[in-house]
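Below is one structure, written out as structure tokens; comments come after it.
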Amino acid sequence: MQRLSHQRCFGGWQDVYRHRAESLGCDMNFAVYLPPQAEREACPVLYWLSGLTCTEQNFITKAGAQRYAAEHGVVIVAPDTSPRGEGVADDPAYDLGMGAGFYVDATQAPWSAHYRMQSYVADELPALVERGFAVSHRRGIFGHSMGGHGALITALRHPGRYASVSAFSPIVAPGRVPWGEKALTAYLGDDRDAWRAWDASELVATAREKLPILIDQGEADEFLATQLRPDLLETACAAAGHPLTVRRHAGYDHSYYFIASFIGEHIAHHARALRT
Ligand SMILES: N[C@@H](CCC(=O)N[C@@H](CS)C(=O)NCC(=O)O)C(=O)O
């Protein structure tokens, strides 16, 4: 593991590391914010999953999360959104291939050679972080848009692994919206039954653990009616008796300006679960 950058921030450190990711078969960057408390105690870790076109940089430069992570004593780890590099399959569109891993383990060629983002974010990265840093084994997960979908499915697929989950403007039903249909067809194939294990609106029906879900959604989000459809998760959660809070905010769009406006409340939500 090689440290690429190391910067003082709110009394802690904003670092970026590069390492060989075995599950992806390529080198990967991830960001880690270490709050001041991490120098004297094993802090819990909150995993942030970013959206389409992002790298590990978008969240750490735009969300303003470090101030709240320092206040609550939580580490935040933010990985890149897909495998990258020479020999990794790609597509010219922004919503497939590099920058668009959708946090699934692909089964279809050419994607299956490297696109195993679910194994990376749920297994390899937490194991690496918990070996490499003096952190606790308490974990939370959150994300934005494609990364909101990633956070929801990762928590739902791994009961007991996360103490808290939340999302900003998530894709909640990838099997029923254009971004998701395109990605799941490419990565998992045409059989829609195989998609259900990667769709939060399907997973809540059989979830063994009813981890409460917090979602914030801007009402002026350009992708709300076509790609995000929080109503589909509300219907599924109501049918399953799964606890869900969706807060809709007038005037906010899909951007990091929206995330920055509510990131403090999300970190407080996670800290309540992680530090008890
Ligand atoms: N059409 C847009 C779609 C991509 C997009 O809106 N990405 C969101 C996540 S779904 C994002 O976080 N972009 C990076 C940023 O705002 O820093 C684009 O290509 O820029």
Side-chain angles (χ1 to χ4, degrees), residues 49-55 58-59 80-84 88-112 114-118 121 142-157 165-205 213 215-239 244 246 248-249 252-259:
L49 304 182
S50 290
L52 291 166
T53 75
C54 290
T55 68
N58 300 69
F59 177 74
D80 200 349
T81 55
S82 75
R84 295 187 194 267
V88 174
D90 197 12
D91 186 280
Y94 76 94
D95 54 2
L96 191 65
M98 290 188 208
F102 273 83
Y103 305 101
V104 303
D105 285 351
T107 57
Q108 305 297 303
W111 311 104
S112 49
H114 295 277
Y115 284 74
R116 286 184 296 273
M117 285 299 288
Q118 178 66 185
V121 300
F142 64 159
H144 171 229
S145 194
M146 174 185 75
H149 143 77
L152 295 173
I153 62 162
T154 304
L156 287 162
R157 289 169 57 91
V165 61
S166 75
F168 291 86
S169 343
I171 300 166
V172 300
R176 289 182 274 174
V177 300
W179 273 342
E181 288 178 304
K182 178 177 176 179
L184 298 185
T185 302
Y187 298 144
L188 304 174
D190 291 327
D191 176 7
R192 286 175 175 252
D193 275 347
W195 299 3
R196 297 159 72 102
W198 305 98
D199 183 321
S201 72
E202 302 279 354
L203 286 166
V204 290
I213 298 170
I215 289 178
D216 276 301
Q217 175 64 58
E219 288 182 335
D221 186 323
E222 55 275 39
F223 302 114
L224 176 55
T226 48
Q227 308 282 9
L228 308 177
R229 300 288 313 273
D231 54 296
L232 295 175
L233 188 62
E234 288 176 305
T235 304
C237 283
L244 167 69
V246 180
R248 292 175 169 79
H249 303 278
Y252 287 93
D253 67 12
H254 196 62
S255 71
Y256 267 87
Y257 294 107
F258 171 56
I259 298 171

Please confirm whether Y252 and Y257 have ring centers closer than 6.0 angstrom.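 Here the rings of Y257 and Y252 have centres that are no less than 6.0 Å from each other.
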H144-Y256 aromatic ring centre distance below 6.0 Å: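 Distance test on ring centres: under 6.0 Å, yes.
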Can you label the angle between the F258 ring and the F168 ring as parallel, tilted or perpendicular, going by 30° and 60°?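 Perpendicular, since the angle between the ring planes exceeds 60°.
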Within-4.5 Å side-chain heavy-atom neighbours: [X] and [Y]:
X	Y	answer
W198	L188	yes
L228	V172	no
I213	S166	no

Could you go through the ring pair (Phe, Tyr, Trp, His ring centres under 6.0 Å) check for F102 and W179 one step at a time? CA-CA 10 Å; F102 273 83; W179 273 342; 7.7 Å; no
Donor-acceptor contact present, side-chain [X] to main-chain [Y], <3.5 Å:
X	Y	answer
W111	R116	no
Q108	A186	no
D90	M98	yes
Y94	A100	no
R192	G175	yes
H114	A89	no
Q118	Y103	yes
R229	A173	no
S50	T81	no
D221	G218	no

What distance separates [X] [atom1] from [Y] [atom2], expressed to the nearest 0.5 Å?
X	Y	atom1	atom2	answer
L49	S145	CG	OG	12.0 Å
S82	Y115	OG	OH	4.5 Å
T154	H149	OG1	NE2	7.5 Å
L203	L152	CG	CG	9.5 Å
D199	I153	CG	CD1	9.0 Å
F223	D253	CZ	CG	9.5 Å

To check you understand the geometry: which heavy-atom pair defines the closest contact between [X] and [Y], and what is its length?
X	Y	result
A109	S112	N-OG, 3.7 Å
T226	P178	O-CD, 3.4 Å
M117	G101	CG-CA, 4.3 Å
M146	G99	CE-O, 3.7 Å
D231	R248	N-NH2, 4.1 Å
Q227	I171	O-CG2, 3.8 Å

For the side chain to side chain donor-acceptor pair (under 3.5 Å) test, which of R196, R176, E234 pairs with S201?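 Exactly one pass, corresponding to R176.
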Show your working on side-chain contact (heavy atoms from CB on, under 4.5 Å) between W195 and E202 and close with a plain yes or no. CA-CA 9 Å; W195 299 3; E202 302 279 354; over 6 Å; no
